[in-house]
Structures are given as structure tokens and as C-alpha cells.
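Structure, as C-alpha cells:
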Amino acid sequence: MKVVLAAYTLDEADVGESLLGLRLVRELATRCDMTVLAFERQGQRPLREQLPDARVITWPEPRVPSRFERLNAMMKPAMFGFTSKIREWLRSVQHDGERFDLAHFLLPSSPRYPVPFYRLGLPYIVGPVGGALPNPPGFKSEMEADSWFVRLRALDGLRFAHDPWLRRSYGAADMVLFVAPYMRDVMQDVPMRRHRAFLGLGLDEVPDKVERHAVAHEMELLHVGRAVRSKGL
């Protein structure tokens, strides 16, 4: 199968979705004829070296002043330029006769961005997407101190219900993958043909089983993940 996959950034030296996405793409590239479209992280190991089994097409990630680092991480304003580059590149190679069996829009994992493969004549998959959870009411007073771009999350519901490009690009997808089943409730206003839960996390090795013994009236809890409001900690 010949696949073209788009990911905003992939980097083994990063954390979160960029690292997990890199590991997933590295494995997928051993199972199909993979072409990866991505931004190149400045100062990091070239993506071509990190994905030796894939054909890698990259563009330099736009530089952002350090004072805007948080805004860039949350809003990804360069996503609009990334989408334009993807569509321009695909139209060019299709004009030259290249064909793909499937397209996959992997990252960003946030469902706030329209799919770049919309109306390019390719069947495509989106995700796994996650996030966009509302903050628990108990954190309302804290939220008032958030930056303006953080508060824009409150518009997610309106965009899912009314943003034409977002809705159409998800509605045309052959499959939308969710990080967990709750995303179907979060995105209930977005039309979709098919969807399923897929957690893109894997283990290289399975550790030995550990014997555990419960103690009456005692409980120990472990949370693995970000300590953000929407987790409801």
C-alpha cells in the first residue's frame, strides 16, 4: 500500500504527540510504502535520519520568538501554511502522475484543524484525535487568569457545530480515529462516516508481572499524564 502521511512535527527528542507520532510512523513505515510530509524541527536530528524506512518531505518549521512559545504550542498558527504546502505538494506530484492508495492526517492530534487532504481525490484517515474537553466548573475562577488564546477553547463547541471547512473535511474522511470513545461525545456535532477508538501508544518490551496484595481500607492511586484542569484531578 502506498501511503502519504502528514504530521505537523515528528521528533524523537521531543515529548508528547511529536514523540509518540514519530514512533508510530516509524513502525508504519516498515509495513507500507510511506511518504511523510512534516515540518523540520530546527536544531534537531534530521527527520530523514529518524525515519530511514520512509520517504520524507519536510519544510522548515517557522521560527517563533520565545515569548510566544506557549501561544505557538497551543494554537499552531503555522498550521495554515503547513496545510497550504501539503496541498500544493500533492497537487504537483499528482499532476506528474504519482498516485497514493491512502492519506493519513496524523498530527496535530487536536480536532480543531481542518484536514489538508479534503477534496484532493484521496481516501483519508484522521487521527487519533483527542482533547477539546471542557474544564470542570470548580476551576472557573482560575480560568479567568488564563491568556486570551487559552480561553479560545471555549469556542470548540461552536466550531464543531458551524465551521464549514472543519465539518466537511471530517465528514469526507473514510475513518476518524479517537484516542478514546469519549471523543465521539465531544465531537457529536461533527458528521462522520466511520469512527473508532485507537490509542497510539505501544511498548517495546512488556515488563515482568508484579505480585500485588490489596490492603483493606487502603487505596493507592497513580496518575500518568499531564496535570491539566480538563483531567479533573
Side-chain angles (χ1 to χ4, degrees), residues 2-90 93 100 102-117 124-132 149-150 153 176-180 183 198-205 224-228 230-231:
K2 192 169 183 178
V3 178
V4 57
L5 181 146
Y8 190 80
T9 57
L10 299 166
D11 188 5
E12 62 188 3
D14 205 344
V15 296
E17 64 180 37
S18 183
L19 170 61
L20 298 176
L22 185 282
R23 296 183 65 183
L24 180 61
V25 174
R26 183 180 285 163
E27 180 65 26
L28 288 172
T30 68
R31 300 166 183 256
C32 62
D33 182 349
M34 174 71 74
T35 296
V36 177
L37 310 178
F39 272 145
E40 189 79 67
R41 304 296 298 270
Q42 300 183 38
Q44 301 298 328
R45 183 185 175 197
L47 190 56
R48 287 182 177 85
E49 296 180 9
Q50 299 184 51
L51 295 171
D53 294 316
R55 169 196 187 190
V56 178
I57 309 296
T58 61
W59 302 275
E61 183 182 19
R63 289 185 178 275
V64 176
S66 58
R67 66 181 181 276
F68 298 130
E69 184 176 348
R70 183 60 177 159
L71 182 149
N72 182 56
M74 293 194 65
M75 294 190 64
K76 293 180 173 58
M79 185 62 203
F80 300 101
F82 184 50
T83 295
S84 177
K85 291 179 182 298
I86 291 170
R87 296 178 68 83
E88 181 181 352
W89 184 88
L90 265 173
V93 298
F100 295 95
L102 181 68
H104 187 169
F105 180 44
L106 179 65
L107 296 174
S109 60
S110 168
R112 300 183 181 103
Y113 304 96
V115 184
F117 299 121
Y124 61 87
I125 295 172
V126 184
V129 294
F149 53 85
V150 176
R153 288 183 173 186
V176 178
L177 301 175
F178 298 142
V179 297
M183 285 302 298
F198 172 77
L199 184 60
L201 300 172
L203 295 173
D204 295 322
E205 298 179 1
V224 181
R226 296 180 301 142
V228 294
S230 57
K231 304 291 185 184

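When reading the values below, keep in mind they use all heavy atoms of this one structure, side chains included, and skip hydrogens, waters and symmetry mates.
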key: Derivation of the side-chain contact (heavy atoms from CB on, under 4.5 Å) call for V25 and L106   = CA-CA 9 Å; V25 174; L106 179 65; 3.5 Å; yes
remark   = Given the options R48, Q50, E49, V56 meets side-chain contact (heavy atoms from CB on, under 4.5 Å) only with R48
ask   = Taking S18 for the side chain and D11 for the main chain, is one N or O donor matched with an acceptor at less than 3.5 Å?
value = yes
request  = Describe, in one word, how the ring planes of Y124 and F117 are oriented to each other, choosing from parallel (under 30°), tilted (30 to 60°) and perpendicular (over 60°).
outcome  = tilted
request  = Kindly compute the distance separating CG (L5) from CG (L10), expressed to the nearest 0.5 Å.
outcome  = 7.5 Å
inquiry  = Can you give me the closest heavy-atom contact between E12 and L19, atom names plus distance?
reply    = O-CD1, 3.6 Å
key: Gap separating the CE atom of M79 from the OG atom of S84, nearest 0.5 angstrom   = 11.0 Å
request  = Would you name the heavy atoms of V129 and P111 that are closest together and state the gap between them?
outcome  = CB-CB, 4.3 Å
task = List the atom of Q44, the atom of A13, and the distance in Å for their closest heavy-atom pair.
result = OE1-CB, 3.5 Å
Nearest atoms (heavy-atom pairs only) where R26 meets T30 = O-CG2, 3.5 Å
ask   = Where do L90 and F100 land on the side-chain contact (heavy atoms from CB on, under 4.5 Å) test, with the steps shown first?
value = CA-CA 10 Å; L90 265 173; F100 295 95; 3.8 Å; yes
message = Counting C-beta onward and ignoring hydrogens, is there a side-chain heavy-atom pair between Y113 and T83 closer than 4.5 Å?
response = no
task = Go through the steps to decide whether M34 and V36 satisfy the test side-chain contact (heavy atoms from CB on, under 4.5 Å), and finish with yes or no.
result = CA-CA 6 Å; M34 174 71 74; V36 177; 3.7 Å; yes
task = State the CG-CG distance between L199 and L177, to the nearest 0.5 angstrom.
result = 11.0 Å
ask   = Rounded to the nearest 0.5 Å, how far does CH2 of W89 lie from OG1 of T35?
value = 5.0 Å
query = Which atom names give the shortest non-hydrogen contact between S109 and P128, and what distance separates them?
reply = CB-O, 3.7 Å
key: N/O donor-acceptor pair under 3.5 Å between E61 side chain and Q42 backbone   = no
request  = Please name the pair of heavy atoms, one in V179 and one in G130, separated by the smallest distance, quoted to 0.1 Å.
outcome  = CG2-CA, 3.6 Å
query = So do L47 and L22 actually touch side chain to side chain, heavy atoms under 4.5 Å?
reply = yes
ask   = Which residues satisfy the side-chain hydrogen bond (donor to acceptor under 3.5 Å, both in side chains) test with E88, sequence neighbours excluded?
value = none
ask   = Pairs in or reaching into residues 12-63: which pass ring-ring contact (aromatic ring centres under 6.0 Å, His included), with residues at least two apart or in two chains?
value = Y8-F39, F39-F82
